[in-house]
Amino acid sequence: MDTNLLAQLKQAIKGDVLTDEQTLTVYSRDASLFEIKPQVVVFPKDEEDVKTLVKFVTKNKKNNPTLSLTARSAGTDMSGGAINDSIIVAFEKYFNHTPKIHNNIATAEPGVYYRDFEKETLKHNLIFPSYPASREICAMGGIVNNNAGGEKSLQYGKTEKYIKKIKVVLADGNTYTLKPLSETELEKKMQEKTFEGEIYKKMHRLIMDNFEDIVKAKPQVSKNSAGYYLWNVFDKDKKTFDLTQLFAGSQGTLGLLLEADIELVPIHKHREMMIIFLHDLSHLDQIINEALRLAPESFEAYDESTLKLALRFFPEFTKLLGTKGIIQTAFSFLPEFLMVLFGGMPKLVLQIDFTGNDPLKLQDKIIELKEKLTPFHPKIRIAVENQEQKYWAIRRESFNLLRQKIRDKHTVPFIDDFVVKPEYLSEVLPLVTKIIKKYKGFIYTIAGHVGDGNFHIIPLVDITDPKIRQSIPVIAKQVYDLVHEYNGSITGEHNDGLIRTPYLQQMYGEKIITLFEQTKHIFDPNNIFNPRKKVFGDMDFAMNHIRRNW
Ligand SMILES: Cc1cc2nc3c(=O)[nH]c(=O)nc-3n(C[C@H](O)[C@H](O)[C@H](O)COP(=O)(O)OP(=O)(O)OC[C@H]3O[C@@H](n4cnc5c(N)ncnc54)[C@H](O)[C@@H]3O)c2cc1C
């Protein structure tokens with residue numbers, strides 16, 4: 001950034017404005033396969049700072065067309081959503097006050113880590129049920145802006161369902177509170193001669209004029225983070241108009257989030273977990289059907305590579321499991337070591353969790369499922385005395401273990417989050433793995449939310465090899481063609497970012513993409529918020545910013 005402009009920025013902001021090499025290097029990465037060096041990282045101190053930043057960029061954009069603002073909370077985005085080439089607005093330092101909880105609503109700032117948020121909600125016996133697997137390392141700003149989902153989304157749905165009100169700074173540099181509006185409130189809002197009034201007027205027209213197409217465009221799978229959720233804004237039955245639904249999953253492309261009111265649910269007192277070790281997948285469809293019929297709270301899976309990884313790095317689980325030392329941890333993994341030794345490595349491990357307040361009902365479900373699965377002869381284990389913690393740790397931590405522990409290979413999330421209806425999984429998974437196997441140098445792990453048909457395939461590669469980097473968009477295209485064929489979504493929870501925005505056109509078609517672009521233009525006429533994400537994707541830019549080393 002030009003020194004004069006930087007001096008003006010430093011003068012205007014009370015928080016920290018940093019341009020040192022070390023900070024720029026840290027903020028040039030998130031959990032994606034990309035690396036983009038920003039020009040400045042700003043840690044706004046308060047709401048006034050955020051407003052000043054937006055006004056500063058708007059004012060200087062004309063003479064500095066590449067100026068933009070990319071919000072960041074904990075920076076664990078896997079799609080390149082939290083990195084860019086201009087100003088990074090980092091919320092974790094000052095926007096992290098303890099959440100306030102009133103009745104069943106928590107008011108949280110974006111920089112509050114989920115692990116701290118949950119400590120507060122548990123004091124009230126409440127929980128936010130759409131926390132992601134990155135629960136220990138991510139923050140609330142990213143949860144809202146990625147429309148995060150997780151292990152409980154099968155029963156409870158995703159973040160979008162729990163956002164009740166948000167405080168945002170919009171492109172005019174002012175703060176607004178968005179919440180569902182009744183017809184009368186909407187009429188009043190649309191009369192206002194403000195930037196917000198204009199947004200309501202234009203968005204109302206856009207949605208009403210295209211309502212049939214918008215409703216038809218809603219992906220017919222249980223989870224979706226792709227695109228802007230135009231279909232969720234106008235609720236025909238309740239007659240409400242709710243712009244918070246556009247911010248859910250918008251990756252900071254429509255404005256900057258200062259605060260969110262998030263609904264919580266009571267925690268269930270009891271749980272029963274069944275683990276199924278499948279040595280062949282021939283009955284996967286039937287097993288999925290039987291389990292889903294009993295309405296589990298979560299239904300997760302991981303493949304043999306993930307289990308191998310957990311067994312190889314079992315000492316890493318000592319802290320996570322709260323075991324006293326390596327010997328005790330080894331002891332807890334003994335049944336799995338023995339199973340592999342005598343029975344071979346299972347192809348897929350299924351993990352089914354039933355929760356509720358009546359333990360007898362849960363036990364009945366386990367007995368019933370066991371009976372229903374008998375004809376398929378799977379190897380079943382029922383988790384007793386906190387054993388379920390071990391299985392959850394394997395499921396949640398596999399990607400993190402890959403990122404941190406494998407030295408000569410790198411995790412490259414690019415086909416990491418597709419969704420198809422669960423009944424298609426046994427067809428789609430082998431087709432996807434067949435595509436990957438055609439390319440030399442791509443090994444992978446698979447883990448995911450079977451109940452939602454949402455799978456995380458994370459290839460491990462030597463990213464320094466140019467042939468590998470060239471294969472990434474080639475493989476992605478084939479996998480997303482397949483997802484399109486099965487009417488799925490290219491992302492259930494990790495969102496579009498740099499890696500998937502170019503594939504939105506194929507998923508939604510030209511008409512809906514035009515509506516997404518118009519939506520972006522209504523909120524952000526000068527394209528100051530997180531360019532190239534959600535709309536106007538740029539595959540060349542993305543490919544030029546794949547990391548060259550780790
Ligand atoms: C090991 C691992 C496991 C994961 N598992 C899951 C999973 O199970 N489910 C899931 O959904 N995701 C998962 N993710 C992805 C990611 O962790 C989550 O989506 C998480 O919610 C992102 O939170 P964050 O605070 O790190 O967000 P960031 O990375 O900081 O930001 C995410 C997006 O939100 C935008 N944003 C952040 N703060 C603001 C703000 N204040 N205003 C406007 N925009 C903002 C950013 O610009 C970016 O586009 C995983 C990631 C890792 C590394």
Side-chain angles (χ1 to χ4, degrees), residues 99 101 103-108 114-115 117-122 124-136 138 140 142-166 180 218-225 229 231-232 235 238 242 244-245 247-249 260-274 288 291-301 350-358 361-362 365 388 391-392 395-396 417 419 421-422 447-456 489 491-495:
I101 298 172
N103 293 332
N104 60 341
I105 303 281
T107 304
Y114 178 75
R115 54 178 188 248
F117 178 83
E118 194 185 87
K119 268 184 209 137
E120 291 304 311
T121 69
L122 289 181
H124 300 255
N125 287 325
L126 296 166
I127 193 165
F128 165 65
S130 186
Y131 59 80
S134 49
R135 45 179 283 131
E136 299 300 321
C138 77
M140 300 312 292
I143 285 182
V144 170
N145 278 281
N146 268 350
N147 188 17
E151 59 207 33
K152 292 190 196 299
S153 293
L154 176 63
Q155 189 168 93
Y156 289 96
K158 292 217 310 158
T159 302
E160 63 198 77
K161 224 175 124 184
Y162 297 91
I163 303 173
K164 296 297 143 194
K165 193 163 88 180
I166 52 174
K218 182 177 175 172
Q220 292 307 304
V221 280
S222 62
K223 283 166 106 176
N224 172 53
S225 269
Y229 320 136
W231 38 87
N232 284 349
D235 187 324
K238 289 191 198 147
D242 183 4
T244 66
Q245 290 300 311
F247 268 80
D261 276 10
I262 293 169
E263 192 176 358
L264 308 168
V265 300
I267 43 175
H268 286 154
K269 289 199 191 97
H270 300 281
R271 68 167 62 220
E272 288 285 344
M273 180 190 271
M274 179 186 280
I288 292 176
L292 286 180
R293 243 191 274 280
L294 292 164
E297 185 183 67
S298 61
F299 186 179
E300 305 280 298
L350 304 179
Q351 182 178 300
I352 306 166
D353 219 6
F354 296 104
T355 64
N357 294 327
D358 180 349
K361 272 193 189 153
L362 302 180
K365 285 191 181 194
E388 78 276 359
Y391 296 106
W392 275 122
R395 168 64 191 90
R396 288 176 189 147
D417 193 31
V419 194
K421 287 200 167 143
H449 314 284
V450 195
D452 283 306
N454 179 204
F455 264 83
H456 305 314
S489 165
T491 171
E493 33 186 56
H494 299 171
N495 220 300

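Positions are given from 1, in the same order as the sequence printed here.
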Task: side-chain contact (heavy atoms from CB on, under 4.5 Å) evaluation trace for Leu264 with Ile101 - done: CA-CA 9 Å; Leu264 308 168; Ile101 298 172; 4.2 Å; yes
SB check [X] [Y] (cutoff 4.0 Å):
| X | Y | result |
| --- | --- | --- |
| Glu272 | Lys365 | no |
| Lys223 | Glu493 | yes |
| Arg115 | Glu136 | no |

Open item on the list: Please evaluate residues Phe299 and Ile288 with respect to the criterion side-chain contact (heavy atoms from CB on, under 4.5 Å), reporting the C-alpha separation (whole Å), side-chain torsions for both, the decisive distance (0.1 Å), and the verdict.
Closed with: CA-CA 9 Å; Phe299 186 179; Ile288 292 176; 4.3 Å; yes
Do the side chains of [Y] and [X] get nearer than 4.5 Å, heavy atoms only?
| X | Y | result |
| --- | --- | --- |
| Val419 | Phe455 | no |
| Ile267 | Leu122 | yes |
| Ser222 | Leu154 | no |
| Gln155 | His268 | yes |
| Pro132 | Ile143 | yes |
| Asp452 | Val221 | no |
| Trp231 | Gln245 | no |

TODO: Take Arg271 and Phe354, measure what side-chain contact (heavy atoms from CB on, under 4.5 Å) needs, and give me the verdict at the end.
DONE: CA-CA 6 Å; Arg271 68 167 62 220; Phe354 296 104; over 6 Å; no
Considering all heavy atoms of both residues, which atom of [X] and which atom of [Y] are nearest to each other, and what is their separation?
| X | Y | value |
| --- | --- | --- |
| Pro422 | Gly453 | CG-N, 4.0 Å |
| Asp353 | Met273 | OD1-CB, 3.6 Å |
| Arg395 | Ala301 | CD-O, 3.9 Å |
| Ser225 | Asn495 | O-OD1, 3.4 Å |
| Ser130 | Ser153 | OG-OG, 3.7 Å |

Kindly say whether [Y] contributes a backbone atom to a donor-acceptor pair with the side chain of [X] at under 3.5 angstrom?
| X | Y | value |
| --- | --- | --- |
| Asn454 | Asp417 | yes |
| Gln220 | Lys218 | yes |
| Lys158 | Gly492 | yes |
| Thr244 | Lys164 | no |
| Lys152 | Gly149 | no |
| Tyr162 | Tyr156 | yes |

TODO: Give the C-alpha distance, both sets of side-chain angles, the deciding distance and a yes or no for side-chain contact (heavy atoms from CB on, under 4.5 Å) between Ile262 and Val144.
DONE: CA-CA 9 Å; Ile262 293 169; Val144 170; 4.3 Å; yes
Open item on the list: Once you measure the plane-to-plane angle for His494 and His456, does it fall in the parallel (<30°), tilted (30-60°) or perpendicular (>60°) bin?
Closed with: parallel
Task: Parallel, tilted or perpendicular, as decided by the 30° and 60° cut-offs, for the rings of Phe117 and Phe128 - done: perpendicular
Just by distance, with hydrogens left out, do [X] and [Y] show a side-chain donor and acceptor under 3.5 Å apart?
| X | Y | result |
| --- | --- | --- |
| Tyr131 | Glu151 | yes |
| Lys165 | Thr107 | no |
| Asn232 | Asp242 | no |

Open item on the list: Just verifying a value: how many Å separate Asn103 CG and His124 NE2, rounded to the nearest 0.5 Å?
Closed with: 10.5 Å
TODO: Give, for atom CD of Glu300 and atom CG of Leu350, the distance between the pair rounded to the nearest 0.5 Å.
DONE: 10.5 Å
Open item on the list: Just to verify, which of Asn224, Thr159, Ile163 counts as forming a side-chain contact (heavy atoms from CB on, under 4.5 Å) with Asn147?
Closed with: Thr159
